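Working notes, structure below.
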Number of protein chains: 2
Amino acid sequence: MTLSLHERIRTDIESAILSGKLAPEDRLPVEHELMQTYQCSRMTVNKALSALAAAGLIERRKGAGSFVGRPHAHSMILDVPDLPVEVAKRGHVYGYQLLVRKLRAAARGNAEEELLAGGRRLLQLDGLHFADGAPLAVERRLVSLAAVPAIAEADLEKEPPGTWLLRHVPWTEAETRISAVPADAEIARLLKTPAGTACLLVERQTWRSSERITAVRQYFLGTAYHLVARFGSSRP
Amino acid sequence: MTLSLHERIRTDIESAILSGKLAPEDRLPVEHELMQTYQCSRMTVNKALSALAAAGLIERRKGAGSFVGRPHAHSMILDVPDLPVEVAKRGHVYGYQLLVRKLRAAARGNAEEELLAGGRRLLQLDGLHFADGAPLAVERRLVSLAAVPAIAEADLEKEPPGTWLLRHVPWTEAETRISAVPADAEIARLLKTPAGTACLLVERQTWRSSERITAVRQYFLGTAYHLVARFGSSRP
DNA sequence: TTGCGCCATATGTCTATACATTCTAAGGTG
DNA sequence: CACCTTAGAATGTATAGACATATGGCGCAA
């Protein structure tokens with residue numbers, strides 16, 4: 001793969017930063033120096049530096065120069081995978097079974113559900129995810145019909161609602177809460193495991209510019225699933 | 001705030017996509033059309049579209065055109081906070097107790113430990129995190145003395161090693177694995193909870209440009225702690 | 001009808017230049 | 001010494017043009 005010039009400049013500086021050759025707060029060469037170094041026009045250098053700034057690796061200050069940004073030491077990139085894809089990637093056969101499909105109003109007094117419903121009805125979708133035929137996770141999802149009317153006609157028997165939503169509904173904001181809980185009687189029955197088994201609980205809500213789209217609770221069998229978050233080196 | 005022209009083009013298209021006016025797989029106007037629409041040069045249009053492509057909102061195919069991308073599993077930002085700070089933020093009093101401080105060689109046959117040690121010795125640091133006096137998490141950490149010789153002299157009785165490392169050792173890469181496990185006998189005893197209690201297990205390794213620095217396992221009391229990850233489309 | 005090659009189309013990259021905007025530091029003044 | 005002004009430095013934005021390269025459709029030939 002031959003890199004274009006601005007890509008080469010970008011990766012050169014990127015590796016200098018990641019290897020520690022350039023420390024946080026260090027000043028980068030100014031654009032005119034890089035023009036000399038790479039024998040190219042300022043626009044090309046600018047494109048490389050702008051990309052690094054967009055990625056958060058450097059900070060550019062008009063009139064002052066470009067500086068290596070401090071690594072925001074407290075935030076990592078968490079991949080929020082599509083389950084069928086993720087299961088396949090781990091070499092298993094994915095399966096899905098829809099258990100409950102129910103059009104209903106928001107539960108009275110449940111502020112979460114009322115916010116999600118937005119005055120209209122909710123579609124409740126409960127289901128089971130399987131890996132190699134064994135239960136992997138129980139999913140309880142609510143979808144706002146106000147936000148996604150099209151889902152009323154979707155065929156969700158084979159394709160899990162998460163995948164359908166991923167393919168049809170763009171979102172602008174999402175929040176995921178991760179915790180560990182013991183399986184209650186029903187979760188345990190569905191996952192074919194003793195009650196009290198440690199489960200990874202993933203709760204996620206998604207919005208499209210302040211309009212709530214869906215809220216989901218996924219109970220993963222603790223021993224069968226894990227999430228991975230990364231910082232660094234995985235930059236496209 | 002007055003947007004520059006390429007920002008205006010970008011946000012125009014972005015909102016058209018997010019609002020659903022432009023559906024996934026739709027074709028965008030070609031660059032020359034946008035030049036007409038906005039009465040600007042091709043470079044300006046190109047900058048706007050390139051930014052959208054870098055953000056994953058659109059896909060550009062040389063020779064074919066630009067297309068709205070399928071909404072895909074966005075990566076989310078996971079806050080991995082410093083525990084003392086996080087506990088204080090939730091309004092509790094933080095405490096730490098060092099249980100084990102042991103200089104030792106890597107366990108024979110344990111590939112993980114041997115990689116971390118890099119031929120030299122490891123510092124093993126086990127401890128307990130408290131919130132309002134109640135056990136919150138058990139931590140088992142290994143630090144490479146090859147990478148961080150200074151930690152041999154650090155006072156780690158009061159300050160947890162994670163905080164010390166954060167303040168003294170820059171790192172470039174980290175990987176966190178999150179799962180749910182039942183507490184074994186020892187974890188349960190330390191957390192003052194029955195054996196088998198659901199615990200959130202956070203395993204993290206950090207590197208400084210391919211040199212391993214530290215590996216840590218933290219067992220959180222499931223009912224007392226959770227992690228939050230966010231995705232927001234608002235770019236700075 | 002099928003397959004191959006060509007060409008219009010669309011994006012990718014780069015140049016050279018121009019002017020705007022913002023920050024820094026030097027130097028002069030009270 | 002403190003404060004203000006100002007010149008220069010550095011990035012931000014935009015233009016017009018040039019050549020490179022991948023794509024897909026159309027027409028021609030076997």
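Note that the structure is a prediction, hence the values are computed from the model and not measured.
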Is [X] salt-bridged to [Y], going by a charged N under 4.0 Å from an acidic O?
{"X": "A/Arg177", "Y": "A/Glu175", "value": "no"}
{"X": "B/Arg212", "Y": "B/Glu112", "value": "yes"}
{"X": "A/Glu7", "Y": "A/Arg10", "value": "no"}

Grab the [atom1]-[atom2] distance between [X] and [N] for me, whole Å please.
{"X": "A/Lys62", "N": "C/dA20", "atom1": "NZ", "atom2": "P", "answer": "12 Å"}
{"X": "A/Gln36", "N": "D/dA10", "atom1": "CD", "atom2": "P", "answer": "13 Å"}
{"X": "B/Glu7", "N": "D/dG12", "atom1": "CD", "atom2": "P", "answer": "11 Å"}
{"X": "B/Glu59", "N": "D/dT23", "atom1": "CD", "atom2": "P", "answer": "11 Å"}
{"X": "B/Leu49", "N": "C/dT13", "atom1": "CG", "atom2": "P", "answer": "13 Å"}
{"X": "A/Asn46", "N": "D/dT13", "atom1": "CG", "atom2": "P", "answer": "8 Å"}
{"X": "A/His32", "N": "D/dG8", "atom1": "NE2", "atom2": "C1'", "answer": "12 Å"}
{"X": "A/Ile9", "N": "C/dT13", "atom1": "CD1", "atom2": "P", "answer": "12 Å"}

Measure from the side chain of [X], starting at C-beta and using heavy atoms only, and say which of [options] lies closest.
{"X": "B/Val30", "options": "D/dT13, C/dA10, D/dT15", "value": "C/dA10"}
{"X": "B/His6", "options": "D/dA14, C/dT24, C/dG12", "value": "D/dA14"}
{"X": "B/Arg27", "options": "D/dT13, C/dA10, C/dT22", "value": "C/dA10"}
{"X": "B/Ser4", "options": "C/dT15, D/dT13, C/dC14", "value": "D/dT13"}
{"X": "B/Ser41", "options": "D/dG12, D/dT15, D/dT13", "value": "D/dT15"}

Would one find a side-chain N or O of [X] under 4.0 angstrom from OP1 or OP2 of [N]?
{"X": "B/Arg42", "N": "D/dT15", "result": "no"}
{"X": "B/Ser66", "N": "C/dA10", "result": "no"}
{"X": "B/Thr44", "N": "D/dT15", "result": "yes"}

For residues A/Arg141 and A/Thr214, is any side-chain donor paired with an opposing acceptor at under 3.5 Å?
yes
Have a look at B/Leu5 and say if it touches a base, only the backbone sugar-phosphate, or nothing, with a 4.0 Å heavy-atom cut-off.
sugar-phosphate
Looking for any heavy atom pair under 4.0 Å, which part of the strands does A/Ser50 touch: base, sugar-phosphate only, or nothing?
nothing
Neighbour count above 12 (heavy atom, 6.0 Å) for B/Arg8 CZ
no
A/Arg61 vs A/Met43, nearer the 5' end of DNA chain D by closest nucleotide
A/Arg61
